[in-house]
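Residue numbers begin at 1 in each chain, while the letters A, B, ... track the order of the sequences.
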Amino acid sequence: MGKGKTIAEKIFSRHAGRQVKAGDIAICNVDFCFGQDGTSSIIIDSFKKLGNAKPFNKKKFYMVIDHSAPSPNMAVSKIHQKMRNFARETGVGMYDIGEGVCHQLIPEEGQVVCGDLVLGADSHTCTYGAINVLSTGVGSTDLAITLASGKNWFRVPETVKIIVNGKIPKGVYSKDIILHIIGLFGANGCTYKSVEFYGEAIESLSVDARLTISNMAVEMGAKSGLMKADKKVLSWVKKHSKRHPRPIKADNDANYIEVTKLDISKLSPQVACPHTVDNVKSVKKLKDIKIDQAFLGTCTNGRLEDLRIAASIIRNRKIHKDVKFIIAPASKKIYLDAIREGLVNTFVTNGCTVLSPGCGPCVGTHCGVPADNEIVISTANRNFKGRMGNPSSFIYLASPATVAASALTGKITDPRKYL
Amino acid sequence: MKLKGKALRLPVNDNVNTDYVISGRYKFKITDPKELAKYIFEDIAPNFYSRIKKGDFIVAGENFGCGSSREQAPQTIKAAGVSAVIAKGYARIFYRNSFNIGLALIECDTDSIEDGDLLEVDIKDGTLINKTKNVKLFTNPIPPVMRKLLDDGGVIRHFKKHGGFKF
Ligand code: SF4
């Protein structure tokens, strides 16, 4: 057993002001916290229940309206109004409709930097692990406690080390890698644990592509999905944030509960089949699965390079007549870049529906709820029964390339022949 | 604290996610937990709400409560009159959320428990008796931090009572 520490142990030690190790309970200072429109209403209620509470730091708490934005009905409008009023009353931060998905905005706006400890009232908060941030999802009341005190308690997690080696084949993307890993580990494979991702395949990916991997760490139960801060990460963070990064590296003799090595040089595009994220198959095995809808977007795959891949596949080709192809850029900045690059033009000309930046139909609140028995192929991170608003529909998860290729043929399609 | 009620099984055993507990369709529309409770488990077990009698237990397998961080999930379970969930294991956000709002989660091997079995749970000493089958089951002790939150009536009360965390 090594005496060294994992990234999680070091970040928790830094924020607890004392040395802690896996299994310890630590009360830590939190660098940044936020809620979204599905969780902020209860954050506000719980915060008020604390009585006379004040935000610990107005600049370190944001509310994001992204899950149902713009509001599809009166009840949601009321929640949005409550959030806006609370922001006005207390002076805390707010990203209103049209700004984008929380997990894109928060790193893109430079709110979080390497070495931070971050809490979000959203389960995919683990996304920023890709830029060396220990960020994790909590519920609304936990978040309210942090909003009032700047702190929360944590059980320091054990860490699973996953080393992804091999040259990434053509047509295979970070989404395929993480789907493959989730298929291997299962939905419960890393519950309560922190994951550290290493290896030449990870290093070869852009920071945007790495965010896709960390984003889905929670789909195997993990508390965080961490990566080291290499040159790419440091220059990405510098570009986006004025704050000073304080990267954390694991010790060479750190203690891991499990170490898994993978070689992905022969991996094919992967698809998560209904109704669980760990029901993963190679696209080659899925024959003649007709689709009614394709969706490109979300905190998993709504970034500029995702839009570029999809546009390159559908450019000068026709979307299948029976397919509705819906696209939601993950942020306003991405949307503007996509307009500048002509991607939006390609999408709209070819018959896609482009939504305003936000979660889009990911969580079934609006903008693309499937009908009974309809089949959707999506770049999102969850395919639970009913996730997109109809329990009688079927959701397959795949990379932007696979989704775009499937939109062309009207059935789940290996994207490699279109590249 | 002794809890008594019957076991309610779901058509899904492992990985019951929080979307299944309460669908995103409702959680964005309805803010009153009592009202939300009427739609509990609707996507996997329509009309489940009508089967719940106050004090009953939800019984499931591994990784209960995985997925979304929605606190409406434990809130809905509590508001539906369920006294505790009994499962082999829980996803971490759901686990915290439940104790934070004062919903007890019991961890034990649930394979032998059938729908409708009458159960008696002692939160203090961790005993679980299946009255119908007349067997005693071994439960994992609730960790001290969670016990403290439960005893204080949830994290808000805990925080107010001690002026911060006190474990
Ligand atoms: S895009 Fe989907 S998974 Fe991501 S934050 Fe929005 S609802 Fe959640």
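The two residues Ser123(A) and Ser68(B) come nearest to each other via the heavy atoms OG-CA, 3.6 Å. Pairing each heavy atom of Gly67(B) with each of Arg382(A), the nearest pair is C-NH2, 3.1 Å.
Among residues 121-156 of chain B, the residues having any heavy atom closer than 4.5 Å to a heavy atom of chain A are, in sequence order, Val145(B), Met146(B), Leu149(B), Val155(B), Ile156(B). Close approach to chain A, defined as a heavy atom under 4.5 Å from one of its heavy atoms, is seen in Tyr90(B), Ala91(B), Arg92(B) of residues 78-92 of chain B, taken by number.
For the atom pair CD1 (Ile93(B)) and SG (Cys126(A)), the distance works out to 8.0 Å, reported to the nearest 0.5 Å. Going from atom CD of Gln72(B) over to atom OG of Ser41(A) covers 8.0 Å, rounded to the nearest 0.5 Å. Between the CG atom in Asp122(A) and the CZ atom in Arg70(B) there is a gap of 9.5 Å [rounded to 0.5 Å]. Lys385(A) contributes atom NZ, which lies 11.0 Å from atom CG of Asn17(B) (distance to the nearest 0.5 angstrom).
Comparing Thr39(A), Val138(A), Val76(A), Val363(A) by how many heavy-atom pairs each has under 4.5 Å with chain B, the most go to Val138(A). Here Gly137(A) is the residue among Gly364(A), Ala75(A), Gly137(A), Gly386(A) with the most heavy-atom pairs under 4.5 Å with chain B. Contact count against chain B (heavy-atom pairs under 4.5 Å) is highest for Asn152(A) among Thr276(A), Asn152(A), Asn381(A). No other option in Leu50(A), Asp37(A), Thr365(A) has as many heavy-atom pairs under 4.5 Å with chain B as Leu50(A).
Here the side chain of Asn63(B) pairs a donor or acceptor atom with the backbone of Ala187(A) at under 3.5 angstrom. Side-chain atoms of Asn100(B) never come within 3.5 Å of backbone atoms of Thr141(A) as a donor-acceptor pair (strictly under, hydrogens ignored).
In this structure, the portion of Thr31(B) lying under 4.5 Å from any heavy atom of chain A is its side chain and not its backbone. Only the side chain of Ile42(A) comes within less than 4.5 Å of a heavy atom of chain B; its backbone N, CA, C and O stay farther away. Of the atoms belonging to Glu42(B), not a single heavy atom falls under 4.5 Å from chain A. For Phe28(B), the parts lying under 4.5 angstrom from a heavy atom of chain A are both the backbone and the side chain. Using a 4.5 Å cut-off between heavy atoms, Asp43(B) touches chain A through backbone and side chain atoms alike. For Ser140(A), the parts sitting under 4.5 Å from any heavy atom of chain B are the backbone and the side chain alike. Contact of His124(A) with chain B is not made at all, since no heavy-atom distance falls under 4.5 Å.
Residues Ile44(B) and His275(A) have side chains not in contact (no heavy-atom distance under 4.5 Å, counting atoms from C-beta outward). With contacts defined as side-chain heavy-atom distances shorter than 4.5 Å, the pair Asn15(B)/Asn188(A) qualifies. Residues Phe159(B) and Lys49(A) fail the side-chain proximity criterion, which asks for heavy atoms closer than 4.5 Å. At least one side-chain heavy atom of Pro391(A) sits less than 4.5 Å from a side-chain heavy atom of Arg25(B). Using a 4.5 Å cut-off on side-chain heavy atoms (C-beta onward), Ile145(A) and Phe165(B) make contact.
Shown here is Arg157(B), whose CZ atom has no more than 12 heavy atoms of other residues, nucleotides or ligands within 6.0 Å. Residue Asn47(B) qualifies as open at atom CG: its count of foreign heavy atoms under 6.0 Å is 12 or below. Crowding of Lys21(A) atom NZ: a count of heavy atoms from other residues, nucleotides or ligands under 6.0 Å not exceeding 12.
Taking 4.0 Å as the cut-off between side-chain N and carboxylate O, Asp19(B) and Arg387(A) count as a salt-bridged pair.
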